[in-house]
Structure formats: structure tokens, C-alpha cells
**Student:** 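Could you have a look at this structure, given as C-alpha cells, before my questions?
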Amino acid sequence: MPASLRPTRENPIPTRRLIGELPIATPQSAADEIPATATLLVSGFGGVGYPKLVPEAIAAGPDRELTVVSGGGVGGEIDTQLIESGDMRRRYPFQTRPSSRTAINHGELAFHDRHISQLADEVRAGGLRHGFSGETIAVIEAVAIGEEWLIPSTSIGHTPAFVAAADRLIVEVNRSQPRELARVHDVYLRDLPPQRAAIPLPEPTDRIGSPVVEFAPDQLAAVVETDRPDDPYEFRDPGATDREIAANLRAFLSAELDRNPVLADSLCLQFGVGSLGNALMSAVTELNIGDRELVYFGEVVQDGLLDMLDSGQLRGASATSLALSEDGQRRLFDDIGRYADDIVLRPGDISNAPSLINRFGVVGINSAVEVDLYGNVNATHLNGTHVVNGIGGGGDFARNCRLGVIALPATAGDGDISRIVPMASHVDHTEHDVSVILTEHGVADLRGKSPRERAAAIIDIAGPESRDELAAYRDQAESGQDAGNTPHDLDEALSWHQRRWCPPRHRWWNPGELPRGHNPADSARDLRESKTEAEPHRGQWSRLRFPTPRYQPLVMWLRYSVWNAQRARSKCHYRLHVKYNFCVFGNCYRGVSLELLGHGRLPMSYPEYDARNHGDQCSDTGEARDCIRCRLFGGHAISVSLLGSRGIVISLVGGSHSDHRGHQEQEHSGYDDYSAQNWFCPNLPVGV
């Protein structure tokens, strides 16, 4: 092939999409090149630039056992179809689709999460050796290809490293994307240590590589043509909370520009991918930065960056992916000549390189699932157990940028769930990596603060409905005999997670609406209703509030869990945990708890268990029975009626005593002011 046909930095746009003698194949014949056991290294980042037809053909073909590695999020052809077909058995290191998330959280798909900056070396140097199996095949999307090179499409991600590590290469050439994308690519493949040199990038938007990814001619196994567009990113419209967070970010940055010498000459920003990050970019467009240069050095170009480029405020943007909406893609493709002067895409180990993040003084702005009182951040898991997406590049920027900001709403679940918690249920960024946390309620600048001072600052930006409870937790933890530098009450801290991530509110009946006992004729109807309500939320936590005329406040939490329900229909395990705090005439009692454990199906009827008479009756033999564990404080007791599959009635019975502790039988002689109150909750169906 003539050297003149090879794209260069000076002449990046190829004359044709297919140049030279290439092994053209159909999607099915290309899929046939992949053996029954293999490791696929697929292009794609931010949900764009991923192969589409070949993964789809794999899913439609014979059964395989595949390990799939991508640089970032990819489309449903990979993370839905390959999982539903049963072909994907292991996934590295990031995913965004409900199918992959569900399979991982059910233990059906092995998942290993890594920092984006480290993945290229992990693949090339064998750091993921345990999960790699069979032949390693790179499946890459491109806008053009020659006999020894290809031009990536809407993302680069880890494509250069994947191609370098692969035994064979399959390329999808996508005609729906312009060849002019070559103008934004800056491919630079680093040597492996210990021969590695410093990255020769003096400024964030300079170029040091070429538009092409090189490969050995004998690597190329198949070239497939497609015209299927990316499944574009969908950004929700900013809500009131997003706008309030953006206003707080703008106020913080405005003050920081005046006091931080790192920002004296320029402001270099990074935003996490997603709707909130896209919305926060609007805060910067209204920021007065004086004569400073404003540049972006991060992972993804989102629609908000196009707006900033259009306004002339942003000098340039360096990233690894064009994670744009459908409208954003149209804007870029229609005027790519203009945008190519200001946008540069690099491999993920360059866009996220710790040395460059540090050198450019990046202000990193990312989001999270929750933060705790001392500044530890959970960015990936619900309730410490269920992965959401993955850490992505958030850890690269939080750890290495000069100013790390975590921006998140103070609550989730329509305000019912505090995202500020005593102790993070899973830690992705430690307190040592985070400088500032902000919500719609304000800014907590944690720099230079001790743990106790950080706790006070973070409580101030929590949701108003949670501040008293968080302050009470802090006071309780600090009052311990050996509170230490970072005070915690572990039992109470973990209880926050035992009541948080929840199904929709269940109905509660006030006293008098439901008799003690139940009408068997209603069982079938109520079972159908509870199945419908509970099934999508199996195994999650519920925080429930209900009216109490004499006890203020009274909060109850119920957990329903069914383990392995689909695999062991006749022997399911279930767990019900009840805990409440209450105050009577100014005297507050904490820690009243009741737990029911069971094995097997729920019988259709149960006797009434009363906490006063069954203080702690529980068998560890695993037999098919229920047990009750109670801790009673302040002369109060719980009575529980189990109504078979229909539900339970819980009665709080108050007494005149306030000095009883432990599992003691209570003597209740003073019911004059504390009449019993009953509540009913439909039970989660068990064994269905």
C-alpha cells in the first residue's frame, strides 16, 4: 500500500474507508473466528465507539464462555445480548447496562473493577491474567482501516493497548460516522515499564501522537462493514436540585479563584460523566474567570462542553470519548471541522494519567452514591453490596487532582434516603482523596480539618430532615469511653444501611382499621398485591414512617430478603428486622429491636408471639420455624402477630417503667397513658 495513503497528523483524513487488501467478512463469519473460550477486548467508552454487529452475531451463535474487557461503558449489543445469551462469563472493568448489573449482583457474572488509568497496563502486562482465558481477540470499531492501521470512531479508550495485546484483530468499519473524526484523534502508545518515559505533553490540548492505531498485518482476521450509529447518551433535563448544586459549585469556584494560587493563571476542569456532570458545566459558563484560560482535561466530551466551546469561553477540551446525546452528535458531525480544532481524543491511560492530572492542576468534579461524616466516598455500590456501574476514572482524578470536589444531591428516593451517612457502606475514594463535598444545601470544605471538624461541616450540608439524626449519631459516637480520633458507634452506623435502599412505601393501617387476626378469604388477594409491589425490589431495604399519636418520633424499618428464590423455590430464607426509636414525654429510648428468622415457606397461620413472653427464643438448627429476638428498653414491649403469607401485625405496648434493660420479662401495670398501637404491613412473598 502506498505510504501516501496512510493518514498522518498533518493529513489525518483517509481518502477511503477501506484501503488495501483486507479480509472483508460478514458479521457471522467474523463471529465464527471466535472460539468457544476466548477473551474479547472491545473498544468503546462512555457508551460510544463500540463494535455492534459482531457481538450481536456472537450472541446469536453457539454457546461460548467469554471474558469481555472494555475501556468504559458500551452498548446493549455487548452488555445485554451477550449476557442474555449466556456467552459472557466475566466482565472487566466497567458496565452501565441493567442486564450486566443484574447478572453481577446475582453472582452470575464475575466482575472486577479497576481504575481507568491502570487498565491498559493491566491488559498488556498480564495484570488481569486470572480472568483471561483462551485466545485474546480485539474487536474494534473504526471509521477507516488500512493493512497496518485503523482510525478509531467516537472513542479511543484503551483501543491502542487492546490491539497491542491481542492475538487477533476484528474491525468493524462504521459508515455512519464521518471519516473526519480522524482530526480529533491523538493516539500515543506508551512503552511498558521500566522503559517508560515521561509523557511529553506540555499543555492539555497539545498533540503528541497520530490519528491511527497500528497493528501487525498478520493480526487482522476480519473486517466487517456497518452503518449502525451509536446508542447516544441520554441526559435528563436539570432539575431544581441540580441547579442548586450548580449554584453552590459556582459560588465555591468563584471564591477559590481569588484565594488559590494554583488557579492564578488558568482553570483546568474535569467533570464526571452523567446528567449531573453535564448540568454542572452550566455553572462554569456563568463564572467570571477574568483573563484566565479555561480548559478541560478529563475523560469525556459531553453536550455541556460543546456549549462552552460555542460560547468561546472554553479554549479546548482533551478527553478519550465523545459521550454525546443524539443532538450533541449531530452538532459535532455537522460541524466537525470547527470542533476538531478545539477537541482532542487520547487513549484512556493518557486522558487519566496521574502525572498529567497533577501537572495541569486539574480541578476534578465527580459525583457519588453516598459520603460519610468523615469524607469517605462510595461511588459504586448500593448498600455496600450491589454494584451500580464501576469506579471508572473518578478515582484517578480524586486521588491525583489538586482540588477534588464531590458533588451530589443530599438525598435519594424522593428525599426519603440520606446520601450523607455515618459510615460509607463501601469506600472508593478515602477521606484523604477528597477536598470538598457539596450538595444543594451548601459546601463542606474539608481541607485541613480534623475528623470531628469534618463531621460538623458535612452535617451542615445534609438534608434538613437528616441533620438532627446525623448530629445525634455524632454525639453518641463521641460520647463513647474510647471514641478515638474518628468516633464511630459501629452498630448504629451499620444500621443506617440496614434501612436505606428500599421498595416503595408499603401501606400501613392505623389502629382500628385491621382486627387482630385475619380473614382467610382475603389471603389470595393480598398475596397478589404484595407480590406485585415487592417483586421488583426483592432483597432491598425499606425505611417506613407511620403516624403515632402519642410516640414522637417513631420510625420502623423492615427488611425483607429472599435468597436464591429462583434456584431454591421450595427452601427460601427470609429475614425480618424491626427497629425503632421513640420518645415519651421527653425521654428518648434507642435500640429497641426485634428480629425474625426463618427457613422454608411461610405456613398459612402462626400463633401470636409476644415479646414479653418470648424474650429470646431462637434455634440455630435451621429447622423450618420462626424465632423472635428482642431487646427491650424503657419498660416497653412489642407484640407480633404473623398472619401467614398475608403479613404481620406489630403492636407497640408502652409501660410506666424506664429502668429495665436486656431480655427481661416486663411487668406492664401502667397502660393508662400508653395504650397499645397496632400496624399492619403486607409480607414479602416467600418461596415464589
**Student:** Return yes if some donor-acceptor pair links the side-chain N/O of Arg402 with the main-chain N/O of Asn358 below 3.5 Å, else return no.
**Tutor:**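 No: the side chain of Arg402 does not pair with the backbone of Asn358.
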**Student:** Nearest 0.5 Å please: distance from the CD1 atom of Ile116 over to the CZ atom of Phe94.
**Tutor:**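 Between Ile116 CD1 and Phe94 CZ, I get 7.0 Å after rounding to 0.5 Å.
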**Student:** For Ala379, does its backbone N or O pair with a side-chain atom of Asp428 as donor and acceptor, under 3.5 Å?
**Tutor:**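 At least one qualifying donor-acceptor pair exists.
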**Student:** Between the main-chain N or O of Asp121 and the side-chain N or O of Arg124, is there a donor-acceptor pair closer than 3.5 Å?
**Tutor:**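 A pair under 3.5 Å: no.
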**Student:** Tell me, do Ile58 and Leu82 make a side-chain contact under 4.5 Å, heavy atoms counted?
**Tutor:**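 The answer is yes, as the side chains (C-beta and beyond) meet within the 4.5 Å cut-off.
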**Student:** Heavy-atom distance under 4.5 Å between the side chains of Val123 and Phe162, does that happen here?
**Tutor:**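 Yes, at least one pair of side-chain atoms sits under 4.5 Å.
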**Student:** Could you check whether any side-chain N or O of Arg419 sits under 3.5 Å from a backbone N or O of Ala368, counting only pairs where one atom can act as donor and the other as acceptor?
**Tutor:**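 Yes, because the side chain of Arg419 sits within donor-acceptor range (under 3.5 Å) of the backbone of Ala368.
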**Student:** Output yes when Arg91 and Asp79 qualify as a salt bridge under the 4.0 Å nitrogen-oxygen rule, no when they do not.
**Tutor:**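 Looking at Arg91 and Asp79, the cut-off is met.
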**Student:** At what distance, to the nearest 0.5 angstrom, does CD1 of Ile151 lie from CD1 of Ile145?
**Tutor:**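 Here the rounded value is 10.0 Å.
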**Student:** Quick one: does any side-chain atom of Arg179 pair with a main-chain N or O of Pro14 as donor and acceptor, under 3.5 Å?
**Tutor:**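 Looks like yes, one N/O pair under 3.5 Å.
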**Student:** Give a yes-or-no answer on whether the side chains of Gln270 and Asn366 include a donor-acceptor pair shorter than 3.5 Å.
**Tutor:**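 The criterion, which ignores hydrogens and geometry beyond distance, is satisfied for Asn366 and Gln270.
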**Student:** Quick check for you: to the nearest 0.5 Å, what is the distance between Phe252 atom CZ and Ile365 atom CD1?
**Tutor:**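 Between Phe252 CZ and Ile365 CD1, I get 8.5 Å after rounding to 0.5 Å.
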**Student:** Under a 4.0 Å threshold between the charged nitrogen and the carboxylate oxygen, would Arg331 count as salt-bridged to Asp303?
**Tutor:**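 The answer is no: the pair does not qualify as a salt bridge.
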**Student:** Under the side-chain contact (heavy atoms from CB on, under 4.5 Å) rule, what do Leu322 and Leu345 come out as? Steps first, then yes or no, please.
**Tutor:** CA-CA 8 Å; Leu322 301 168; Leu345 296 189; 3.8 Å; yes
**Student:** Could you tell me whether the side chain of Glu147 and the main chain of Glu21 form a donor-acceptor pair under 3.5 Å?
**Tutor:**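 Side chain of Glu147 to backbone of Glu21, a donor-acceptor pair under 3.5 Å: yes, one is there.
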**Student:** Between Arg346 and Asp186, does any NZ, NE, NH1 or NH2 come within less than 4.0 Å of an OD or OE carboxylate oxygen?
**Tutor:**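 Yes, charged N to carboxylate O under 4.0 Å.
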**Student:** Give a yes or no on this: more than 12 heavy atoms of other residues, nucleotides or ligands lie within 6.0 Å of atom CD of Gln313.
**Tutor:**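 Yes, CD of Gln313 has more than 12 neighbouring heavy atoms, counting only those of other groups under 6.0 Å.
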**Student:** Are side-chain N/O atoms of Glu141 and Ser153 paired as donor and acceptor at under 3.5 Å?
**Tutor:**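 Ser153 and Glu141 do have a side-chain donor-acceptor pair below 3.5 Å.
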**Student:** For residues Asp349 and Gln118, is any side-chain donor paired with an opposing acceptor at under 3.5 Å?
**Tutor:**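 Judged by distance alone, the side chains do not pair up.
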**Student:** Looking only at atom types and distance, does a side-chain atom of Thr159 sit under 3.5 Å from a main-chain N or O of Ile156, one as donor and one as acceptor?
**Tutor:**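 At least one qualifying donor-acceptor pair exists.
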**Student:** Which value, rounded to the nearest 0.5 Å, describes the distance between Tyr296 atom OH and Leu269 atom CG?
**Tutor:**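 If I round to the nearest 0.5 Å, the distance is 9.0 Å.
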**Student:** Identify the two heavy atoms, one from Gln95 and one from Phe111, that lie closest to each other, and give their separation to 0.1 Å.
**Tutor:**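 Heavy atoms only, the tightest pair is CG-CE1, 4.0 Å.
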**Student:** Please assess His112 against Leu128 for the test side-chain contact (heavy atoms from CB on, under 4.5 Å), listing each intermediate value before the final yes or no.
**Tutor:** CA-CA 9 Å; His112 179 76; Leu128 302 179; 3.8 Å; yes
**Student:** Is the closest side-chain heavy-atom distance between Arg207 and Tyr188 below 4.5 Å?
**Tutor:**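 Contact flag for Arg207/Tyr188 side chains = no.
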**Student:** Report the C-alpha distance between Asp310 and Arg338 in whole Å, list the side-chain angles of each, state the deciding distance to 0.1 Å, and finish with yes or no for salt bridge (charged side-chain N to carboxylate O under 4.0 Å, His left out).
**Tutor:** CA-CA 10 Å; Asp310 290 344; Arg338 177 171 65 88; 3.3 Å; yes
**Student:** Of Val443, Asp445, Val405, Leu408, which is the lone residue that meets side chain to side chain contact (heavy atoms under 4.5 Å, CB included) with Ile437?
**Tutor:**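 Of all the options given, the one that passes is Leu408.
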**Student:** If I compare all heavy atoms of Ala165 with all of Thr136, which pair ends up nearest, and what's the gap?
**Tutor:**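 Looking at all heavy atoms of both residues, the closest pair is O-CG2, 4.2 Å.
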**Student:** Is Asp242 reaching over with its side chain to a backbone N or O of Gly239, donor-acceptor style, under 3.5 angstrom?
**Tutor:**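 Looks like yes, one N/O pair under 3.5 Å.
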**Student:** Does the side chain of Val163 come within less than 4.5 Å of Leu169's, by heavy atoms?
**Tutor:**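 A side-chain contact under 4.5 Å exists here.
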**Student:** Go through the steps for Asp230 and Gln329 under the test side-chain contact (heavy atoms from CB on, under 4.5 Å), then give the verdict.
**Tutor:** CA-CA 9 Å; Asp230 288 323; Gln329 280 192 359; 3.7 Å; yes
**Student:** For Leu309 versus Leu314, what's the shortest heavy-atom pair and its separation?
**Tutor:**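 Leu309 and Leu314 have their closest heavy atoms at CD2-O, 3.5 Å.
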**Student:** What do the steps show when you test Asp231 against Arg97 for salt bridge (charged side-chain N to carboxylate O under 4.0 Å, His left out), and what is the final call?
**Tutor:** CA-CA 12 Å; Asp231 186 7; Arg97 300 280 165 167; 3.5 Å; yes
**Student:** Does Asp237 CG have over 12 foreign heavy atoms under 6.0 Å away?
**Tutor:**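 Count not over threshold, so no.
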**Student:** Supply the atom-to-atom distance Phe360 CZ to Leu267 CG, rounded to the nearest 0.5 angstrom.
**Tutor:**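 Phe360 CZ to Leu267 CG: 14.5 Å, rounded to 0.5 Å.
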**Student:** Are the side chains of Ser43 and Pro51 in contact, using a 4.5 Å heavy-atom criterion?
**Tutor:**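 The answer is yes; the side chains approach within 4.5 Å.
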**Student:** Among Thr205, Val363, Val362, find the one that has a side chain to side chain contact (heavy atoms under 4.5 Å, CB included) with Phe297.
**Tutor:**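 Option passing the side chain to side chain contact (heavy atoms under 4.5 Å, CB included) with Phe297: Val362.
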**Student:** Within the distance-only criterion (no hydrogens, no angle test), does the side chain of Arg250 pair as donor or acceptor with the backbone N or O of Leu280 below 3.5 angstrom?
**Tutor:**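 No; judged by distance alone, with no hydrogens or angles, the pair does not exist.
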**Student:** Are Arg447 and Glu256 within salt-bridge range, i.e. N to O under 4.0 Å?
**Tutor:**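 Looking at Arg447 and Glu256, the cut-off is met.
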**Student:** Take Glu56 and Lys52 through the salt bridge (charged side-chain N to carboxylate O under 4.0 Å, His left out) test and state the conclusion after the steps.
**Tutor:** CA-CA 6 Å; Glu56 192 173 69; Lys52 303 167 179 67; over 6 Å; no
**Student:** Quick one: are Leu294 and Arg315 in side-chain contact, heavy atoms under 4.5 Å?
**Tutor:**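 The answer is no, as the side chains (C-beta and beyond) never meet within the 4.5 Å cut-off.
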**Student:** Given side-chain contact (heavy atoms from CB on, under 4.5 Å), test Asn174 with Val143 step by step and report yes or no.
**Tutor:** CA-CA 5 Å; Asn174 196 333; Val143 295; 5.6 Å; no
**Student:** For residues 387-401, which residue pairs qualify under side-chain hydrogen bond (donor to acceptor under 3.5 Å, both in side chains), counting only residues two or more places apart or in two chains?
**Tutor:**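 Residue pairs passing side-chain hydrogen bond (donor to acceptor under 3.5 Å, both in side chains), neighbours aside: Arg101-Asn389, Ser117-Asp396, Asn352-Asp396, Arg399-Asp433.
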**Student:** Going by atom types alone, do Asp327 and Ser325 pair a side-chain donor with an acceptor below 3.5 Å?
**Tutor:**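 Their side chains do not contain a donor-acceptor pair, so the 3.5 Å distance test is not met.
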**Student:** Over all heavy atoms of both residues, which pair between His429 and Ile406 is shortest? Give the atoms and the distance, please.
**Tutor:**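 In this case the closest contact between His429 and Ile406 is CD2-CD1, 4.2 Å.
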**Student:** Of all the heavy-atom pairs spanning Leu109 and Ser100, show the shortest one and how long it is.
**Tutor:**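 Heavy-atom minimum between the residues: CD2-O, 4.2 Å.
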**Student:** Rounded to the nearest 0.5 Å, what separates atom CG in Leu53 from atom CG in Asp227?
**Tutor:**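 The distance works out to 8.0 Å.
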**Student:** State plainly whether the residues Arg228 and Glu172 are in salt-bridge range, i.e. N to O under 4.0 Å.
**Tutor:**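 No salt bridge links Arg228 with Glu172.
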**Student:** Just wondering, do Pro347 and Thr320 contact through their side chains at under 4.5 Å, heavy atoms?
**Tutor:**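 When only atoms from C-beta onward are counted, Pro347 and Thr320 do not touch, as no gap falls below 4.5 Å.
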**Student:** For a 4.5 angstrom cut-off between non-hydrogen side-chain atoms, does Arg168 reach Gln219?
**Tutor:**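 No, their side chains stay 4.5 Å or more apart.
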**Student:** Any idea which heavy atoms bring Val48 and Ser321 closest together, and the distance?
**Tutor:**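 Nearest heavy atoms, Val48 then Ser321: CG2-OG, 3.3 Å.
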**Student:** Say whether, by atom type as modelled, one donor and one acceptor occur between the side chain of Glu286 and the main chain of Ala283 under 3.5 angstrom.
**Tutor:**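 Not a single qualifying donor-acceptor pair exists.
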